[in-house]
Amino acid sequence: MRREAKKKMNIEKSQLVKGAKNDFVFVIGLEVHAQVRSNSKLFSGASTEFGAEPNSNVSFIDAGMPGMLPVVNSFCIEQAVKTGLGINAEINLISRFDRKNYFYPDLPQGYQISQLYEPIVGKGIISIQTEEKLSKKVGIERIHLEQDAGKSIHDMDPTTSFVDLNRTGIALMEIVSKPEINSPFEAVEYIKKLRLIMRYLETCDGNMQEGSLRADVNVSVCEINTYQKFIETGDYDLLGTRCEIKNMNSLKFIQQAINFEARRQIKLKEAGKEIAQETRLYDPSKNQTRPLRSKEDAHDYRYFPCPDLLNIELKRGWVDKIRDDLPELPDQKIPRFINDFNITPYDAEVIIAEKATADFFEAIATNTDGKIAANLLINELFGRLNKDSLSFNENPTTVEQMRELINLIQKDEVSSKGAKEIFDHIWNSGGNPTDLVDKLGLRQVQDTSFIEQMVDDVIKENPAQVDKVKSNPKLIGWFVGQVMKKSGGKADPKIINKIVNEKLT
Amino acid sequence: MEIDTETVLKIARLSRIKINEGESADIQKDLNRIVEFVKKLGEIDIDGVDEFNFGKTNIEDMRKDSVTIYDNTDDILKNTKNKNQDFFTVPKIVE
């Protein structure tokens, strides 16, 4: 139980679930299991490669052979520390591994090496946005390191489950939030933000399909008055009984599961029934959660310090060096991009969604024009990648090409339509934008006297329309269009506009 | 701490070890003898000794993140009869 003065918080609409009589507040805490990006496992030299032949990356340590001793992978420690620093968390200079004992076919050791008592990372913070677009901080309780289990496959045989130990012993970071997430939307935002930070740090690839990011979701519901009291006192005991939905690896299903689970609990509460604290599974085909077969004593893990491993001692200077070397993270990059490149917050958020795209943007926008760069990147390049189902690292265009194209647009040498054509050409067959302007006949005519001549011609050819302009100023646009047509689409629309306006108004 | 019959049965259940009633009494006796023996450690004076004071390891002493190719799938599966292709097989786990 924690008692801390908390600042007054308004409950937002998205944080409420309707009951038959009263409204309830969602109370959600997440335990995210993030596979550490490393070449070898936490305690063995076996490869962490995904999708290898079954049982081909298994050392005798991973297989739980008697007499084998685990040896800590220093890089996994570094990755956990880096992740902790990325969420502004306390780093514990002394930490320790414990054994969590349970029996399961995918756990050959009979215990998981984890960190219950002295985790490597302590309290931290992640900032997210609520559905109402307000910023909010979610507290992190801790991050600890542990071994992943093997993989059980249930659909290869009617009577047996298949076990592959390749995943056994890969390092996981379990990132435990405080129960400060208050809607299914926030739960998804939280995971996305955490994933983004870890991708920037290159500590976890965040690939949910491959299972490198999974979450256990703790859900309870709380009446508004009680929740207000919780906000005032910080007394977690007020929050009511929670249920844990295990092993979710899809953002969509996490949202659905929380929605179902909250409504199930409200029904029980309103019927005056007790909510049992239990572990449940979400079944997406039925969109409901159901209890795991009640396993008596399942939670008696008989934790104790792992006698095979020494305590981990980190030096302050080593931690500080990692902190100094952290890359710029999204929370700093977004305001800087908005400020330095004069782009909208929305564009900034789209651009920083991957570190590679943020770096690319910065390279093309520095000393050119941020708005044009953002436009080109989001509308043309991302649009094209999307259409062809390519990832950003398959982008065929180069920084030089994009900078040149931006320069041409900046100097009004091509229209935005012309720029699109040049982009398409670069995309399909490469080339140098400056050469392409003329090769494709896209150079915008900026010769004022030439444009003026065309404007005069159009005016001369359309006396009836000229008469109408005075009563209907909207016709100006029609004249601009006619001149544009006469120029074969090549005249600079800004200059046409200016001259037409001068002559007709 | 005296280990009673109930504790013996509980530990057996948690470890998935089948023991019958006849065995449990002997096991209980053995476990209590072991506990009694280990109790000897309680006689050591550890007042003021920080549990973190010894047995520390730091980054430089740990393993580097390099991969060892084991090429040992057959060895890994050698001790079981329950296998299919290169997988271990176990009675169907239904959740």
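Per chain, numbering begins at 1; letters A, B, ... match sequence-line order.
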Looking only at non-hydrogen atoms, find the nearest pair between [X] and [Y] and report the distance.
X: D164(A); Y: F87(B); answer: CB-CE2, 3.8 Å
X: S59(A); Y: N72(B); answer: CA-ND2, 4.5 Å
X: D86(B); Y: N55(A); answer: O-ND2, 2.6 Å
X: G55(B); Y: L310(A); answer: O-CB, 3.2 Å

For E23(B), I'd like to know if atom CD has over 12 heavy atoms of other residues, nucleotides or ligands within 6.0 Å.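 Count over threshold, so yes.
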Among T73(B), I69(B), D71(B), which residue has the highest count of heavy-atom pairs closer than 4.5 Å to chain A?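 With the most close heavy-atom pairs to chain A, the winner is T73(B).
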Select, from M62(B), R63(B), E60(B), K92(B), the one with the greatest count of heavy-atom pairs under 4.5 Å involving chain A.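 It is R63(B).
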Contact part of [X] toward chain A, heavy-atom cut-off under 4.5 Å: side chain, backbone, both or neither?
X: T57(B); result: both
X: L77(B); result: side chain
X: N79(B); result: side chain

If we only count heavy atoms from C-beta on, is the I59(B) to I77(A) side-chain gap below 4.5 Å?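 Contact flag for I59(B)/I77(A) side chains = yes.
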Count the heavy-atom pairs under 4.5 Å between each of E53(A), M156(A), E78(A), E49(A) and chain B, then report the option with the highest count.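 Of the options given, most contacts go to M156(A).
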